[in-house]
Amino acid sequence: MKYGFLKVAAVTPKIKVCDVKYNVENIISALNKAYDEGVKCLVFPELCITSYTCQDLFFQRTLISSALEGLFEIANASRDKKILFTVGLPLLKDSKLYNVAAVIYNGEILGFVPKTSLPNYNEFYEARHFTPAPDENGTIRINSIDYPFGKKLIFCCEEMEEFRFAVEICEDLWAPCPQSNSHALAGATIIGNLSASDEVIEKDKYRLSLVANQSARLISGYIYASAGDGESTQDMVFSGHNIIAENGSILKQSMLFKNEMTVTELDLQKLTNERAKMSTFGESEAQDYQRIYFSMPITETPLTRYYSPTPFIPGNEQERNYRCDLILQMQAQGLKKRLEHTGSKTLVVGISGGLDSSLAILVCVMALDLLSRPHSDIIAVTMPCFGTTKRTRSNAEILCNALGVTFRSIDITSSVRQHFKDIGHDESNHNVVYENGQARERTKVLMNIANQENGLVVGTGDLSELALGWATYNGDHMSMYGVNSSVPKTLIRHIVKYYADTCNYKPLESVLLDILDTPVSPELLPTDESRESINQKTEDLVGPYELHDFFLYYAIRFGFKPSKVLRLAIYAFDGRYTTDTIVKWLGTFYRRFFSQQFKRSCLPDGAKIGTVTLSPRGDFRMPSDAVWLSWKRDLDALDF
């Protein structure tokens with residue numbers, strides 16, 4: 001439960017039709033198993049105490065009273081177990097029979113939620129037996145105790161504000177206006193669905209999409225438990241399809257016809273942070289709801305769900321290729337529009353032979369193709385100086401020749417030396433002046449060529465560099481349009497690789513693959529006399545980009561504390577980096593992110609590509625003089 005993680009489960013117990021004693025024993029057995037596995041929130045199927053397929057036997061007082069007795073037996077069996085769970089049964093109230101979910105915690109029944117939407121079509125005849133939930137909450141008196149009864153109940157954990165649980169039952173989700181809509185607007189973060197959805201061809205896919213989409217619309221966790229083996233097969237079969245979703249993502253689902261327990265963790269902090277950002281998501285219906293509180297001590301939640309060490313990159317090759325292709329199209333469309341609007345005759349790009357500038361020039365080519373203009377309208381400029389190696393210089397020229405763009409090589413060594421002489425800088429002093437003098441000279445050259453050629457300077461810097469401030473202010477930091485500004489470094493590698501694999505031109509493929517194999521470097525420090533080796537590797541200086549992209553995704557996209565980002569990183573990168581290494585670079589990330597905001601505050605235009613962007617005109621606004629000490633203290637307070 002720490003850091004907002006909550007272990008949840010959906011389970012389909014083995015049952016027999018109308019055999020309450022047998023069903024109760026199996027429900028208790030499943031409850032104990034879930035408790036032993038550390039589950040804190042558990043959902044059973046619809047009417048599981050009796051079975052869903054009792055038909056007119058639901059009217060038999062023997063079955064109704066046995067179900068209620070079974071419910072109290074289940075509740076008593078849960079005493080001293082810190083697990084919130086819900087089971088389904090028929091319940092008689094005021095001469096009306098209801099299909100209800102009983103919510104139980106630590107031996108106590110907290111309330112009853114009746115089903116709202118009763119299907120009475122095709123194979124379903126629920127309106128024959130049950131009454132829809134009343135519009136307003138009330139109470140039901142059982143054994144001299146009044147229990148909350150109604151469809152507007154939210155069960156809230158005292159110790160964990162993000163843990164707010166509400167229930168809907170089967171058809172309530174399939175209806176045009178699901179009851180869970182109101183639950184979420186009233187503050188519920190987890191929806192439990194007790195279901196008895198029979199299986200027909202392709203229904204499992206539809207059910208999966210329904211749960212995923214509802215969890216996305218509600219920015220919620222969704223636990224769906226369906227009836228399975230043991231229900232009557234007189235006219236239907238039930239597969240026990242259990243699903244757990246979080247904000248549109250299916251975290252886990254069971255195999256059909258296995259009566260499994262499906263267990264994973266929900267990240268409730270993530271959900272509440274997302275809701276806080278959504279100005280269209282309000283708790284407008286909270287005043288109609290009754291909140292029922294329970295006390296659950298905060299404990300550590302061991303993680304079992306998968307966290308990718310590269311969250312910007314899909315793990316599936318087909319999906320990854322699709323994303324790479326889409327990003328290329330988005331970048332090209334953005335540049336095309338800017339080129340049309342400005343009426344520029346050329347595109348001017350600084351080409352280094354590295355990943356970022358290679359992607360930028362590929363995007364330029366695609367933009368000109370969209371406009372049916374020749375590639376020669378691109379002026380690619382390489383500007384060798386003290387740190388330029390033969391490999392990158394050669395790759396830059398080979399790439400430009402393969403693409404058919406105009407290539408220019410301008411050695412800036414003498415210009416930079418003259419500048420050092422003008423300002424009185426000792427060339428043997430390889431400090432920031434030495435490095436940035438080269439970067440600013442290159443930008444000046446590009447800007448002036450753009451003036452000469454009625455051109456537009458295309459920026460090459462990427463999202464990861466912007467996050468770290470790894471750009472020279474008024475140097476490579478500046479352009480007229482930044483095509484890579486929303487693309488993280490780890491993803492750029494895959495986009496360039498995708499282009500290489502699909503370009504169907506061997507010379508272009510070969511040079512792109514060699515560029516991919518070249519270490520990332522600004523090449524601002526001198527090489528040896530052979531000019532073969534790269535003496536300045538970016539990741540040796542600021543840390544591995546795969547770590548920084550991971551930090552960027554969870555720290556900025558979701559606003560997690562450094563301590564939670566660290567826990568996720570240790571889990572995701574298990575065996576690849578030591579905890580000390582991750583702590584070191586996480587501290588670097590926060591320190592640089594805060595100190596370098598001034599560069600992002602005056603960022604050139606560039607289209608938003610993904611869910612994370614740092615444009616001051618887009619998703620992210622931050623004062624340039626914000627202090628990072630609170631984040632540092634959170635990190636420093638951790639005991640390893």
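Throughout, numbering of the chain's residues begins at 1 and tracks the sequence.
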Do you see a donor-acceptor pair shorter than 3.5 Å between the side chains of Asp619 and Thr613? no
Between Thr578 and Asp580, is any side-chain donor less than 3.5 angstrom from a side-chain acceptor? no
For a side-chain contact (heavy atoms from CB on, under 4.5 Å) check, start with the C-alpha distance between Phe558 and Gln269, then their side-chain angles and the critical distance, and finish with the verdict. CA-CA 9 Å; Phe558 295 110; Gln269 278 187 5; over 6 Å; no
I'd like to check Leu512 versus Tyr499 (side-chain heavy atoms, cut-off strictly below 4.5 Å). Are they in contact? yes
Check whether Ser352 reaches the backbone of Gly354 with its side chain - one donor and one acceptor, N or O, closer than 3.5 Å. yes
In this structure, CG of Leu463 is separated from CG of Leu614 (nearest 0.5 Å) by 5.0 Å
Ignoring hydrogens and geometry beyond distance, is a side-chain donor-acceptor pair present between Asn429 and Tyr434 at under 3.5 Å? no
Would Lys421 and Gln418 count as having a side-chain donor-acceptor pair, cut-off 3.5 Å? no
Taking all non-hydrogen atoms of both residues into account, name the closest pair between Pro311 and Ser308 and its distance. CD-O, 3.7 Å
Any side-chain donor near an acceptor of the partner, Tyr322 and Glu317, under 3.5 Å: no
What's the spacing between Arg275 CZ and Glu162 CD if we round to 0.5 Å? 11.5 Å
Quick one: CD1 on Ile361 to CD1 on Ile351, what's the gap to the nearest 0.5 Å? 4.5 Å
State, yes or no, whether a side-chain contact exists between Met478 and Tyr473 at a heavy-atom distance under 4.5 Å. no
Check: Ala380 main-chain N/O paired with Arg408 side-chain donor or acceptor under 3.5 Å: no
Is a donor from one side chain sitting under 3.5 angstrom from an acceptor on the other, for His494 and Asn321? no
Check step by step if side-chain contact (heavy atoms from CB on, under 4.5 Å) holds for Arg591 and Trp631. CA-CA 9 Å; Arg591 175 178 57 80; Trp631 287 259; over 6 Å; no
Test item: side-chain donor near acceptor, Glu265 and Thr304, under 3.5 Å: yes
Would you check if the side chain of Asp476 reaches a backbone N or O of Ala439 as a donor-acceptor pair within less than 3.5 Å? no
Of all heavy-atom pairs linking Asp411 and Pro384, the shortest is OD1-O, 3.3 Å
Any side-chain donor near an acceptor of the partner, Ser376 and Thr406, under 3.5 Å: no
Should Glu453 and Lys345 count as an ion pair when the cut-off is N to O under 4.0 Å? no
Quiz question: by atom type and distance under 3.5 Å, do the side chains of Thr490 and Asp549 form a donor-acceptor pair? yes
Neighbour count above 12 (heavy atom, 6.0 Å) for Lys632 NZ: no
If I take atom CZ from residue Arg442 and atom OG1 from residue Thr472, how far apart are they, to the nearest 0.5 angstrom? 9.5 Å
Ignoring hydrogens and geometry, is there a side-chain-to-backbone donor-acceptor pair from His548 to Val542 under 3.5 Å? yes
Does the side chain of Ser601 come under 3.5 Å of the side chain of Ser624 through a donor N or O and an acceptor N or O? yes
Glu274/Lys270 salt bridge by N-O under 4.0 Å criterion: no
So, are Arg338 and Asp605 salt-bridged, with charged N and O less than 4.0 Å apart? yes
Donor on one side chain, acceptor on other, Asp325 and Gln329, under 3.5 Å: yes
Approximate separation, where rounding is to 0.5 Å, of Thr460 OG1 and Leu355 CG: 11.0 Å
Using a distance-only test with no angle check, is there a side-chain donor-acceptor pair under 3.5 angstrom linking Asn247 and Ser215? no
Side-chain touch Lys564/Asp267, heavy atoms, less than 4.5 angstrom: yes
Decide ring pair (Phe, Tyr, Trp, His ring centres under 6.0 Å) for Phe550 and Tyr307; before the verdict, give the C-alpha distance in whole Å, the side-chain angles of both, and the deciding distance to 0.1 Å. CA-CA 10 Å; Phe550 187 91; Tyr307 278 90; 7.7 Å; no
Strictly distance-based, threshold 3.5 Å: is any side-chain N or O of Arg621 a donor or acceptor partner for the main-chain N or O of Gly618? yes
Working note: Thr272 + Ile219, criterion side-chain contact (heavy atoms from CB on, under 4.5 Å); need CA distance, chi angles, decisive distance, verdict. CA-CA 8 Å; Thr272 54; Ile219 316 178; over 6 Å; no
Determine the minimum heavy-atom distance between Gly459 and Ala360, stating which atoms define it. O-CB, 4.3 Å
State, with a plain yes or no, whether a side-chain heavy atom of Asp625 is found less than 4.5 Å away from one of Phe598. no
Side chains of Leu368 and Ile378: closer than 4.5 Å at any heavy-atom pair? yes
Exam field: side chain Ser510 to backbone Lys506, donor-acceptor pair closer than 3.5 Å: yes
Whether Glu546 and Arg493 form a salt bridge (side-chain N of Lys/Arg under 4.0 Å from carboxylate O of Asp/Glu) is what I want to check. no
Between Arg600 and Leu466 (side chain of the first, backbone of the second, donor and acceptor by atom type, cut-off under 3.5 Å), is there such a pair? yes
Any side-chain heavy atom of Gln597 sitting closer than 4.5 Å to one from Phe620? yes
Stepwise, does the side-chain contact (heavy atoms from CB on, under 4.5 Å) test hold for Asn181 with Arg217? CA-CA 9 Å; Asn181 291 0; Arg217 292 177 63 246; 3.5 Å; yes
Determine whether the aromatic ring centres of residues Phe593 and Phe551 are separated by less than 6.0 angstrom. no
Smallest separation among heavy atoms of Ala555 and Phe589, with atom names: CB-CE2, 4.1 Å
Side-chain donor-acceptor contact under 3.5 Å, Asn504 with Glu509: no
Between Glu319 and Pro314 (side chain of the first, backbone of the second, donor and acceptor by atom type, cut-off under 3.5 Å), is there such a pair? no
Heavy-atom donor-acceptor pair, Lys497 side chain to Leu513 backbone, under 3.5 Å: no
Could you tell me whether the side chains of Asn395 and Asp514 share a donor-acceptor contact shorter than 3.5 Å? yes
Do the side chains of Glu441 and Gln438 get nearer than 4.5 Å, heavy atoms only? no
Shortest non-hydrogen contact from Ile495 to Val487? CD1-CG1, 3.8 Å
Using the ring of Tyr545 (Phe, Tyr or Trp, six-membered ring only), decide whether Lys489 places NZ or CZ under 6.0 Å from its centre and within 45 degrees of its axis. yes
Given 3.5 Å as the limit, does a donor-acceptor pair link the side chain of Thr588 with the main chain of Lys584, or not? yes
Neighbour count above 12 (heavy atom, 6.0 Å) for Lys277 NZ: yes
Please examine the side chains of Leu266 and Leu251, heavy atoms only from C-beta on, and report whether any two atoms are closer than 4.5 Å. yes
Rounded distance (nearest 0.5 Å) linking atom CG of Leu271 with atom OG1 of Thr189: 7.0 Å
On a heavy-atom basis, which atom in Asn454 and which in Gly343 lie closest, and how many Å separate them? ND2-O, 4.1 Å
Do the side-chain N and O atoms of Thr346 and Asp377 include a donor-acceptor pair separated by under 3.5 angstrom? no
